[in-house]
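For reference, positions follow the sequence shown, starting with 1. Counting convention: from 1, in listed order, for ligands and their atoms alike.
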Amino acid sequence: MLGFTYRDDELFCEGIRVKDIISAVGTPAYIYSKSAFLTRYNSISQAFNELTETLICFSIKSCSNINILKELAEAGSGFDAVSAGEIYRALTAGADPKKIVFAGVAKTDSEIEYALKEDILLFNCESEEEVINIDRIAGELGVKAPISIRINPDIDAQTHAKTTTGTKENKFGIDFARAMQLVSRISHFKNCIIKGVDMHLGSPVNSLEAYSEGVERLLDFAGTCPDTVEYIDAGGGFGLLYDEEEIPGFREYAEAIASEVQAAGKKLIIEPGRSISGNAGILVGEVQYTKSNGIKHFAMLDAGMNDLIRPAMYDAYHFIWPVSTTEMPDSELFPELIGGGIFMPQDVTGPICESSDIFGKEREIPELQRGDLVAIFSAGAYGFSMSSNYNTRPKAVEVLADGEQFTVIRRRENWDDLLAGEIKL
Ligand code: LLP
């Protein structure tokens with residue numbers, strides 16, 4: 001797995017033993033590999049740019065630490081932001097505002113004002129009322145707002161019900177007929193200029209057909225728009241290997257999306273999040289206790305659903321393996337290792353007072369003991385960024401590894417942080 005491998009019975013992140021990082025920073029900890037981020041960014045950028053000019057807008061919500069955004073910005077990345085807070089993050093990290101697209105169904109006046117003042121590339125608009133509002137605010141500021149119309153292409157991207165976004169059941173985008181009506185009135189909006197059309201089908205989307213069909217619909221729609229439309233934004237959602245699923249490579253996604261966009265003479269934008277960040281990070285917890293009830297064995301970690309909510313929220317699968325072990329994993333994530341063995345099924349849980357606080361059910365992994373460090377893989381996307389203080393637990397530390405070095409890029413929260421916003425009467 002890019003950035004992570006087992007050597008000499010130890011998990012390494014780049015050139016450092018994970019257990020050495022943990023000795024310095026404690027658990028729970030998110031550990032990211034800088035080279036994994038950059039390699040994934042460069043591969044997706046290359047795959048698409050070989051076919052047509054493409055701006056990669058990394059989806060900040062998947063992994064938002066400013067140090068990671070800085071590395072990506074320096075590599076040339078743009079950003080997909082969904083709040084003024086994310087735009088602020090990106091700018092703090094050194095992003096070029098002309099490479100920021102701003103999505104979201106309910107942008108507030110103050111968010112729109114901020115983004116207009118920062119002169120971002122595109123507002124991806126999700127309703128006619130939003131366009132009217134952006135037009136009004138741009139007029140008050142005396143600027144022209146560059147907008148893109150987010151189409152809801154009504155395509156079932158065959159992903160988890162909670163992460164599908166491109167069907168009429170979902171709140172996202174504008175249906176074709178209404179989008180056409182909106183465009184027919186676009187000249188009424190004196191302070192907006194329509195620069196793009198966009199979509200986001202869901203995430204992850206492993207179907208190439210869904211993308212090619214979606215892009216075809218975007219291009220059909222762009223054909224009815226004024227020729228100020230320069231950009232076709234196909235959104236994010238590219239797949240990630242969590243286990244053994246079949247996922248298309250970047251090249252295949254590029255082929256499904258880019259050639260038609262190039263033929264239409266438009267520039268392409270994509271908004272990948274998970275496919276860049278997902279396998280670039282792990283969450284490490286320490287086994288506090290183990291127990292058996294005669295039927296099941298449990299290993300309870302000090303990391304919980306407040307640190308990584310994906311299993312509880314989406315029944316998501318994350319590969320789990322001890323950090324120090326003589327048994328190698330048998331997983332598609334580590335094709336370079338010969339693994340195997342027969343292991344006792346164990347439920348790997350967190351400490352939180354909810355039955356859904358389970359990272360893996362009946363996982364056949366080496367028998368865990370109190371004090372063992374356990375890695376939860378593919379946690380770089382929607383891991384820390386979705387973490388919370390639920391159960392009044394401090395958020396985990398974040399560490400970025402680079403070769404033989406590692407740096408703490410967000411310190412572990414302490415008890416004062418937990419109460420910082422509360423007003424004691
Ligand atoms: N663009 C837009 C407009 C989006 O809404 C999203 C994700 C992306 C790009 C990036 O998608 P990605 O390439 O990361 O799949 N918390 C869920 C995922 C929610 C995705 C929300 N939108 C999870 O943990 O699976």
Which of the numbered atoms in ligand 1 are below 4.0 angstrom from a heavy atom of Ser203? 11 (O), 12 (P), 15 (O), 18 (C), 19 (C), 20 (C)
Numbered atoms and elements of ligand 1 in range of Arg150, under 4.0 angstrom, heavy atoms: 3 (C)
Can you tell me the protein heavy atom closest to atom 14 (O) of ligand 1 and the distance? Tyr382 OH, 2.6 Å
In this structure, atom 18 (C) of ligand 1 is nearest to the protein heavy atom Arg274 NH2, 3.5 Å
Which ligand 1 atoms are under 4.0 Å away from a heavy-atom of Pro272? 13 (O)
In terms of relative ring orientation, are Phe176 and Phe221 parallel, tilted or perpendicular, with 30° and 60° separating the classes? perpendicular
So, Asn67 versus Glu398: side-chain donor-acceptor pair below 3.5 Å or not? no
Which atom of Asp347 lies closest to which atom of Lys296, heavy atoms considered: OD2-NZ, 2.9 Å
Short side-chain donor-acceptor distance under 3.5 Å, Glu14 and Ser35: yes
Under 30°, 30 to 60°, or over 60°: which ring-plane class applies to Phe238 and Phe48, parallel, tilted or perpendicular? tilted
Indicate yes or no: does Glu10 engage Lys19 in a salt bridge with an N to O separation below 4.0 Å. yes
Taking the non-hydrogen atoms of Met313, is any one of them nearer than 4.0 angstrom to ligand 1? no
Measure the distances from the heavy atoms of Gly235 to every atom of ligand 1 and state whether one is below 4.0 angstrom. no
Does Ala381 come within less than 4.0 angstrom of ligand 1, counting non-hydrogen atoms of the residue? no
Quick note on ligand 1: atoms under 4.0 Å from a heavy atom of Met386 include exactly 16 (N)
Heavy atom under 4.0 Å from ligand 1: found in Met199's side chain, backbone, both, or neither? neither
Establish, yes or no, whether the cationic atom of Lys195 lies under 6.0 Å from the six-membered ring centre of Tyr231 and within 45° of the ring axis. no
Salt bridge Asp80-Lys61, side-chain N to carboxylate O under 4.0 Å: yes
Passing option when Trp321 is tested against Phe334, Phe377, Phe4, Phe343 for ring pair (Phe, Tyr, Trp, His ring centres under 6.0 Å): Phe343
Per-atom filter on ligand 1: closer than 4.0 angstrom to a heavy atom of Gly237 are 11 (O), 12 (P), 13 (O), 15 (O)
Any atoms of ligand 1 less than 4.0 Å from a non-hydrogen atom of Glu271? List them with their elements. 1 (N), 2 (C), 3 (C), 8 (C), 9 (C), 10 (C), 13 (O)
Suppose I only count heavy atoms of Ser59 and a 4.0 Å limit; which atoms of ligand 1 are within that range? 8 (C), 9 (C), 10 (C)
Considering heavy atoms of the protein only, find what lies nearest to atom 17 (C) of ligand 1 and give residue, atom and distance to 0.1 Å. Tyr314 OH, 3.1 Å
So, Asn65 and Arg410: side-chain donor and acceptor under 3.5 Å apart, yes or no? no
Atom 6 (C) of ligand 1 [closest protein heavy-atom partner, distance rounded to 0.1 Å]: Lys61 NZ, 3.1 Å
Atom indices of ligand 1 within 4.0 angstrom of Gly273 heavy atoms, with elements: 12 (P), 13 (O), 14 (O)
Name the orientation class of the two ring planes belonging to Phe102 and Phe123 (parallel below 30°, tilted from 30 to 60°, perpendicular beyond 60°). tilted
How far is atom 24 (O) of ligand 1 from the closest protein heavy atom, and which atom is that? Arg310 NE, 2.6 Å
